[in-house]
Amino acid sequence: MVAPQRILIVEDEPLIAMMLEDFIEILGKQVAGSADCVVDALDLLNKVDVHAAILDVNLRGGEKSWAIADALADRGIPFIFASGGTEESIDQRYRGRSVLMKPFTMDAVSRALDDLATARA
């Protein structure tokens, strides 16, 4: 299966979000949109074509990205969590999913997106 091409980024740290946007473009993919909170991410999901997503686990104001993960899972859209914490920081329902540990590299992002294609096949 082909690796996802239109990637939604959910990240509340502007510098990390910009770095991810750069990585995605360098990897020859498109940024489907970028959000820094749950409400904005869910709104984007209803407005743009998303093939996959990278979700920061901990968002501004203490928000967690579980509602976004739920919406993506309901739509069959694969996603990767981004976290600076341990596996225990991932909700039990989503343990075993791909996690990009911060700080991450472009190679790690590339491998994670490629793994999503393999997991969907």
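- Closest non-hydrogen pair, Glu63 versus Cys37, comes out as OE1-CB, 3.3 Å.
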Side chain to side chain contact (heavy atoms under 4.5 Å, CB included), that's the test. Do Leu59 and Val10 meet it? Break it down for me. CA-CA 8 Å; Leu59 300 170; Val10 182; 3.9 Å; yes
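- Expressed to the nearest 0.5 Å, how far CG of Leu72 lies from CD1 of Ile80 amounts to 11.0 Å.
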If you apply the rule side chain to side chain contact (heavy atoms under 4.5 Å, CB included), what do you find for Val48 with Leu8, and how did you get there? CA-CA 9 Å; Val48 299; Leu8 172 67; 5.6 Å; no
Show the numbers, then the answer: is there a salt bridge (Lys or Arg N to Asp or Glu O under 4.0 Å) between Arg111 and Asp115? CA-CA 6 Å; Arg111 281 191 306 274; Asp115 287 348; over 6 Å; no
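- A distance of 10.5 Å separates CG in Asp107 from CG in Asp114, rounded to the nearest 0.5 Å.
- Within the 4.5 Å cutoff, side-chain heavy atoms of Leu20 are placed close to those of Phe104.
- Scanning both residues, Ala71 and Leu45, for their nearest heavy atoms gives CB-CD1, 3.9 Å.
- With rounding to the nearest 0.5 Å, the separation of OG1 in Thr105 from CZ in Phe23 is 6.5 Å.
- Nearest heavy atom pair, residue Pro78 against residue Leu116, reads CB-CD2, 3.8 Å.
- Counting only heavy atoms from C-beta outward, the side chains of Val50 and Arg6 never approach each other to under 4.5 Å.
- Ionic pairing of Glu11 and Arg60 is not present here: no N-O contact between side-chain nitrogen and carboxylate oxygen is shorter than 4.0 angstrom.
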Decide yes or no on side chain to side chain contact (heavy atoms under 4.5 Å, CB included) for Leu27 and Val109, but give the supporting numbers first. CA-CA 9 Å; Leu27 292 168; Val109 172; 4.2 Å; yes
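- In this structure a side-chain-to-backbone donor-acceptor pair under 3.5 Å is present from His51 to Gln5.
- Between the CD atom of Glu13 and the CE atom of Met18 there is a distance of 10.5 Å, given to the nearest 0.5 Å.
- Seen from the ring of Phe81, Arg97 does not count as a face-on cation partner, given the 6.0 Å and 45° thresholds.
- One finds the CD1 atom of Ile16 at 11.5 Å from the CD1 atom of Ile9 (value rounded to the nearest 0.5 Å).
- Under the 4.5 Å side-chain heavy-atom criterion for Ile, Leu, Val, Met, Phe, Trp and Tyr, Ile24 and Met106 are members of the same hydrophobic cluster.
- Between the CD1 atom in Ile54 and the CG atom in Leu100 there is a gap of 6.0 Å [rounded to 0.5 Å].
- Taking hydrophobic clusters as Ile, Leu, Val, Met, Phe, Trp and Tyr residues chained together by side-chain heavy-atom distances below 4.5 Å, Val57 shares a cluster with Met101.
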Using the side chain to side chain contact (heavy atoms under 4.5 Å, CB included) rule, take Arg93 and Trp66 through it: C-alpha gap first, then chi angles, then the decisive distance, then the call. CA-CA 9 Å; Arg93 296 172 295 160; Trp66 313 138; 3.5 Å; yes
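- Heavy atoms only, all atoms of each residue included: Ser65 and Asp56 are closest at OG-O, 3.1 Å.
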